[in-house]
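See below for the structure under consideration.
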Amino acid sequence: MKMKLRAAAVVSASALLLAGCSTGGGGESGGEAGGLVGTGSGDSCAIESPVKVGAALSLTGGAGSYGASQQQGLELALAELNEADGIEYKLSIEDDASEPRQGISVMETFAGDGTSIVLGPTLSNTAVAAMPIANEAGMPVMGISTTAGGITDIGEFVFRDSLTEAQVIPQTIDAVIDEYDLKKVVVMYSNDDAFTESGYEVMAETLEGTDVEVLDTLTFSKADTDFRSLLTAAKDKNPDAIVVSALIEAAIPLVTQARELGIDQPIVGGNGFNNPKLMADAGDAAEGVVVGAAWNSASDNAENQAFLAAYEEKFGAQPDQFAAQAYSALYLIDDAIRSNCSAERADLRDSIAQLTDVATPLGAVSINENRDAEHPAVVQIVKDGKFAVLR
């Protein structure tokens, strides 16, 4: 893949913030830019005006590590797509600060400045607050990490390429039950976040349909960092495993403290655990943690192998699921725009809804009738400091 970045095609959010500026594009106020209907289709599609893509990412706050990965995934995809003929993409990145109120403000800016589509926000609770703004403005928005139930019910302009917790968690729990012959578990979750609450609900429903006994359900805040009393209570129940729905900032100390307390049973995490920071910060304590994921980093499909190599070359590190989903989203948008050679908002909404079996690092992605993505999922286990496929 070519890595040359077209001049002025991407703006560094951090650089502009340091300069006292915003990453939001200038554009026309209060409507879509003109010249967004082109000629030709597919590879021959040519659109005269630059296509403005917005991104509302959690670059700071509780989900800052996720947003940083998403930004890198988008920057890589942008560089590659802007090497192709016919369409120039201009990406504006805004920090939603992991907060609903800030997410609303960011979305209002994009809705009024001629942006064709917005990616994000990063967290489901921020998305629930901000995505109605996009929908009411008739501006497509695509979640690239929002996995809570009901996101796309917000309206016909709302999509996502991230698998829902309901698509990933059941097969994760089924795999763990088979792998470890589970009979009894303790469930823990953060009860003040839409994403982690949704994950818990799917976990509870899935476990209810099995022969596994839930010995106890323990709750905590997403801001908590000391889990020793809860983990001691869990250990006293002598479970076969602990099943947890938490963001990465809670997952790291929870896993670390569990091992310090002598809990050596499997820990099964929701999508919030799917972050290289788990291994980097928890070290050996992360070994054996099982995580359901929407992206198989070990997949040998051509798009994934090219993505891995290009990301390593550009950033000097391996990507995570959040980078892969962001990267894939921009390619899905490009495919949709080229299908009828239009980046007008209503046209783009119709084109995204018709995407079928688009080749991406996530696998072949289709958008279903609920505007949710369908593509393969994977169950991972931390082994030797890396995610490996459990099954």
What verdict does the side-chain contact (heavy atoms from CB on, under 4.5 Å) test give for Val255 and Val289, after you've listed the backbone C-alpha separation in whole Å, the side-chain angles of each residue and the deciding distance to 0.1 Å? CA-CA 8 Å; Val255 167; Val289 171; 4.1 Å; yes
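- Put simply, the side chain of Arg345 gets close to the backbone of Thr115: a donor and an acceptor are under 3.5 Å apart.
- When hydrophobic clusters are built by joining Ile, Leu, Val, Met, Phe, Trp and Tyr residues whose side-chain heavy atoms come closer than 4.5 Å, directly or via intermediates, Val358 is grouped together with Leu81.
- Ion pairing between a basic and an acidic side chain is recognised when a charged N comes within 4.0 Å of a carboxylate O; Asp372 and Arg160 show such pairing.
- Considering only heavy atoms from C-beta on, Leu36 comes within 4.5 Å of Val51 through its side chain.
- Asn275 and Gln321 share no side-chain donor-acceptor pair at under 3.5 Å.
- Looking at heavy atoms from C-beta onward, Val214 lies out of side-chain contact with Val186 at the 4.5 angstrom threshold.
- For the disulfide bond (SG atoms under 2.5 Å apart) condition, no pair includes a residue of residues 220-256, sequence neighbours left out.
- A distance-only check finds no donor-acceptor pair linking the side chain of Tyr311 to the backbone of Asp320 [under 3.5 Å].
- Screening residues 198-250 for ring-ring contact (aromatic ring centres under 6.0 Å, His included) gives Tyr189-Tyr200, Phe220-Phe227 as the qualifying pairs, with residues at least two apart or on separate chains.
- Considering only heavy atoms from C-beta on, Ile242 stays 4.5 Å or farther from Val268 through its side chain.
- Side-chain atoms of Ser44 never come within 3.5 Å of backbone atoms of Gly40 as a donor-acceptor pair (strictly under, hydrogens ignored).
- A donor-acceptor pair under 3.5 Å is formed between the side chain of Ser342 and the backbone N or O of Glu344.
- In summary, the side chains of Tyr89 and Asp334 do present a donor paired with an acceptor at a separation below 3.5 Å, with no hydrogens or angles considered.
- Screening residues 146-158 for salt bridge (charged side-chain N to carboxylate O under 4.0 Å, His left out) gives no qualifying pairs among residues at least two apart or on separate chains.
- The salt bridge (charged side-chain N to carboxylate O under 4.0 Å, His left out) analysis of residues 225-234, with sequence neighbours excluded, yields the pairs Asp226-Arg228, Arg228-Glu260.
- To the nearest 0.5 Å, atom CG of residue Leu278 and atom CZ of residue Phe273 are 7.0 Å apart.
- With 3.5 Å as the limit, one finds a donor-acceptor pair spanning the side chains of Ser190 and Asp192.
- The backbone N or O of Glu75 sits nowhere less than 3.5 Å from a side-chain atom of Lys314 that would complete a donor-acceptor pair.
- Atom CG in Leu207 sits 9.0 Å away from atom OG1 in Thr217 (nearest 0.5 Å).
- Scanning for salt bridge (charged side-chain N to carboxylate O under 4.0 Å, His left out) contacts around Asp281 gives Lys277, with sequence neighbours left out.
- For residues 234-249, no residue pair satisfies the salt bridge (charged side-chain N to carboxylate O under 4.0 Å, His left out) rule, not counting sequence neighbours.
- Of the possible donor and acceptor atoms, none in the side chain of Asp350 sits under 3.5 Å from a partner among the backbone N and O of Asp347.
- Gln318 CD: more than 12 foreign heavy atoms inside a 6.0 Å radius.
- For the pair Arg371 (side chain) and Phe159 (backbone), a donor-acceptor distance under 3.5 Å is absent.
- The disulfide bond (SG atoms under 2.5 Å apart) pairs that include a residue from residues 95-204 number zero, where partners must be two or more places apart or lie in different chains.
- Side-chain contact check for Met131 versus Phe157: every heavy-atom pair is 4.5 Å or farther apart.
- The CG atom of Leu348 sits 4.5 Å away from atom CD1 of Ile117, with the distance rounded to the nearest 0.5 Å.
- To the nearest 0.5 angstrom, Thr172 atom OG1 is 11.0 Å from Ile177 atom CD1.
- Between Ser229 atom OG and Leu261 atom CG the span is 10.0 Å, to the nearest 0.5 Å.
- Evaluation of the side-chain hydrogen bond (donor to acceptor under 3.5 Å, both in side chains) test over residues 135-151, restricted to residues two or more places apart or in two chains, returns Gln70-Ser145.
- In this model, no donor atom of one side chain and acceptor atom of the other lie less than 3.5 Å apart for Asn274 and Trp295.
- For the atom pair CD (Gln354) and OG (Ser339), the distance works out to 7.0 Å, reported to the nearest 0.5 Å.
- The hydrophobic clustering, which links ILVMFWY residues whose side-chain heavy atoms are closer than 4.5 Å, places Ile151 and Met139 together.
- For the residue pair Asn301/Ser299, the side-chain donor-acceptor check at 3.5 Å is satisfied.
- Screening Ile263, Leu215, Asp216 for a side-chain contact (heavy atoms from CB on, under 4.5 Å) with Pro239, the sole residue that qualifies is Leu215.
- Screening residues 272-374 for disulfide bond (SG atoms under 2.5 Å apart) gives Cys45-Cys341 as the qualifying pairs, with residues at least two apart or on separate chains.
- Side-chain atoms of Tyr180 do not come within 3.5 Å of backbone N or O of Gln265 as any donor-acceptor pair.
- Between the side chain of Gln71 and the backbone N or O of Leu57, no donor-acceptor pair lies under 3.5 Å.
- Under the 3.5 Å distance criterion, with hydrogens and angles disregarded, a donor-acceptor pair is assigned to the side chains of Thr164 and Gln167.
- A donor atom on one side chain and an acceptor atom on the other are not found under 3.5 Å apart for Asp95 and Ser58.
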side-chain contact (heavy atoms from CB on, under 4.5 Å) between Phe195 and Asn271, worked out: CA-CA 9 Å; Phe195 160 69; Asn271 195 47; 3.8 Å; yes
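- Using modelled atom types and a 3.5 Å distance limit, the side chains of Gln325 and Asp161 yield no donor-acceptor pair.
- Proximity of Val53 to Lys90: side-chain heavy atoms (C-beta onward) are nowhere separated by under 4.5 Å.
- Residues satisfying the salt bridge (charged side-chain N to carboxylate O under 4.0 Å, His left out) test with Asp335, not counting sequence neighbours, are none.
- Under the 4.5 Å side-chain criterion, counting only non-hydrogen atoms from C-beta, Asp224 is in contact with Ser221.
- Partners of Asp181 under the salt bridge (charged side-chain N to carboxylate O under 4.0 Å, His left out) rule, at least two apart in sequence or in another chain, are Lys183.
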Just do the side-chain hydrogen bond (donor to acceptor under 3.5 Å, both in side chains) check on Tyr327 and Glu80 with the steps written out, would you? CA-CA 10 Å; Tyr327 175 95; Glu80 295 170 357; 2.6 Å; yes
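- Among pairs with a residue in residues 50-159, none fulfils disulfide bond (SG atoms under 2.5 Å apart), at least two apart in sequence or across chains.
- Here the side chains of Gln305 and Leu308 are in contact, with some heavy-atom distance below 4.5 Å.
- More than 12 heavy atoms of other residues, nucleotides or ligands shown are found within 6.0 angstrom of NZ on Lys184.
- Under a 3.5 Å cut-off, the side chain of Gln257 and the backbone N or O of Thr225 do form a donor-acceptor pair.
- Annotation: side chain of Ile173 is in contact with side chain of Met203 (closest heavy-atom distance under 4.5 Å).
- Judged purely by distance below 3.5 Å, without hydrogens or angles, the side chains of Thr152 and Asn370 never pair a donor atom with an acceptor atom.
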